[in-house]
Amino acid sequence: MQDKYLDAVILARRTLTKRITEFLIAAADGQPLPMAEAGSHIELRFGGAGDRFLRHYSLIGPLAAGAPREAFWRVAVRREDRARGSAFIHRTFQPGTRLRVSRPINAFRLSRRQPHTLLVAGGIGITPIFAMARSLLTRQEAFSVLYVGVEQAQMAYVGELAAMCGPGLAVFETGRQGMPDLKAVLSAQPADATAYVCGPSGMIDGLIGAGAAIGWAPERIRFEVFNAAHRPEDQAFEVRLKDGRAIPIGAGTTILDALEGAGVETYADCRRGECGLCTTAVLGCDGALDHRDRVYSAQDHARNRQMTICCSRITGRLLELDL
Amino acid sequence: MATTLDRPSSDNAIFAAMEPHDSGNFANNNTPLIRNCWYAAARTHEIDRTPLARKFLGVDVVLYRTEGGEPVAMRNRCPHRSFPLARGTLVGDRLVCGYHGMEFGADGACAHLPAMGHAPATASVRTFPIVDRGPLAWIWMGAPDLANEALIPDTHWLSDPAWGTVSGDFHILCDYVSMHENLIDQTHFPFLHPDTVGTPEYARSKLTASTENGQVVIRRELRDAPPPGVYGKPANIMHKKVDRTSEARFVSPALHTAYARVAVGDPDPGEPGLYRYNITHVFTPETNNSIHYWWFNSRDYRPGDAAIDRFMLEAHTQAYSEDVEALQWINEVVRTDGEEQFDLSFAPDKPGLMARRIMHRLAMAEAG
């Protein structure tokens, strides 16, 4: 039985844009890394005194089609304003830094049987999309890419992507062009196209809404939300347990991570608001619950009786949980 | 490079934070088997004057009964040359090895060694605590000093004449962890058991799960719905709407119990209006990937009614056969598939994970 986690080491780092840095990660014992399909991510566990982080990063893979398999994993991390996890990585990860990482998990699987694929990336959401583009190109499948960002200077891998995709790539700069018309984008697709989108949740919701508006079946839009649990405006608060214990939840930590760190028994699997296993009854809150999962409906959320503690937060200072 | 790869010193606090926590650990088919537990060894009538060989928790055991009627469980392996003692003969209360004739009493001590003419004080074979309790004999394979008979789980309804009980057994090529998870997971009912217990209304009814003193309990209430055939037909209430309360409980690594209480608001004249079924699943790991399994379905009305017995036996044998088949398929994949998979879990899997966490904790506590 393999362990789900392995010891790893940072081999190299490289600045891609003002905010985005690329890290190459290898197994600490020098052994070959497990294979990763396009769309896979790894869990990174790291932290410092008083704070612990668990983050998911998509595996990008080689930066050109047809390149040989690499002996390391490539991830790219965007440093968010006031978001402690990404700032911690940018500050501390150096060649030689040891890490604990999961084996690749594929929660954003690229189908191999689609006549046409539209890939849509928003910002750092390019990381799994890049791997998908390379996979489709290698397999000579029909696809196109829409890469949306504020401006090219802030967008990673534009050159490499353009070299790979040629005219199949459309780069959209919201700083100059405003928001793209997603309904028009989808309408221009062949009738048998399937879309894969990774980016901020607003963009994903926008694409899903656009698809619904023009009559696309929901399963034609596949998505991966990155960073569901973390937003720059997140504040620290406290969770009170039934035994009276108070657990501080740092602004950059999830409730789940903080509770695990404090030795509280919890249940969780996906850690990104998709599986519902971490759902916990709420006994009280001095603010509003900030639901960030995709398991429950808006009506469920409005009842405010429970929350997914892997990604949801509160706006107040104190949350009482049935734990 | 070698120095940078060493675990950094305390100025790098990354490490403590990045280890996954133990609470993420759930028992599976590779987890060491829990030994400090009373497990069922056999039906009491199976243990008689003919030695019976059976493996429990990876250990070969021979079962027999003394002339006084006491059950004996002994290592099925002569301490001299490993001859299986069950292949020997029972003479009085002594088991005589079929290879060199060494004789062992019910306490395991060697009583006679023909080649030496006396019984060497050093020769004995391990025995295991074993107790008759209702229809089953329970065995303790763990630390003998901890074998407290008060810990044998309560199954008194199995020998209560007021209850009508049907029963069956299977030898299953699956791990006991998967069996426990299967029993406490009811979301599979409509798919694996569409013809018996799996009504669509039941699958959608609200469920509560909790842990109580090392047990996991799930409860459901379903009001004003048609009864499932398996309960409604024997009680002759298929034409009624009923309220159904059910509970399923991970009692111990050896036992899962469940009950269903079916209430008819407008019972026909002379009919009880309230029916209770107790379902008792008893199983013992033979190895990490095989189990001995005995099931009992008891009802609190019309005990001894042969037609009801026949119906209950058929319906439950069908349902449990479906579980057996599924669990064997799954176990084969888990054991033989060359590519590792870390199974996904979803919100409805929580009760099963609760039981697997308890099992993991018990196993680790024994190992540590």
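Naming convention: chains lettered A, B, ... in sequence-line order (proteins, then strands); numbering from 1 in each chain.
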Atom [atom1] of [X]: over 12 foreign heavy atoms under 6.0 Å:
| X | atom1 | answer |
| --- | --- | --- |
| A:Arg305 | CZ | no |
| B:Arg261 | CZ | no |
| A:Gln94 | CD | yes |
| A:Arg240 | CZ | no |

Using only atom types and a distance under 3.5 Å, with no angle test, would you say the side chain of A:Asp269 pairs donor to acceptor with the backbone of B:Ser345?
yes
Closest non-hydrogen contact found for A:Lys4 with B:Phe342 is CA-CZ, 3.7 Å
So CZ of B:Phe346 and CD of A:Glu274: to nearest 0.5 Å the spacing works out to 9.5 Å
Bottom line for B:Asn29: the part with an atom under 4.5 Å from chain A's heavy atoms is neither
Is there side-chain contact between B:Arg357 and A:Tyr267, with at least one heavy-atom pair below 4.5 Å? yes
Exercise for review: Would you indicate whether the side-chain heavy atoms of A:Glu265 and B:Met354 approach each other to under 4.5 Å?
Suggested key: no
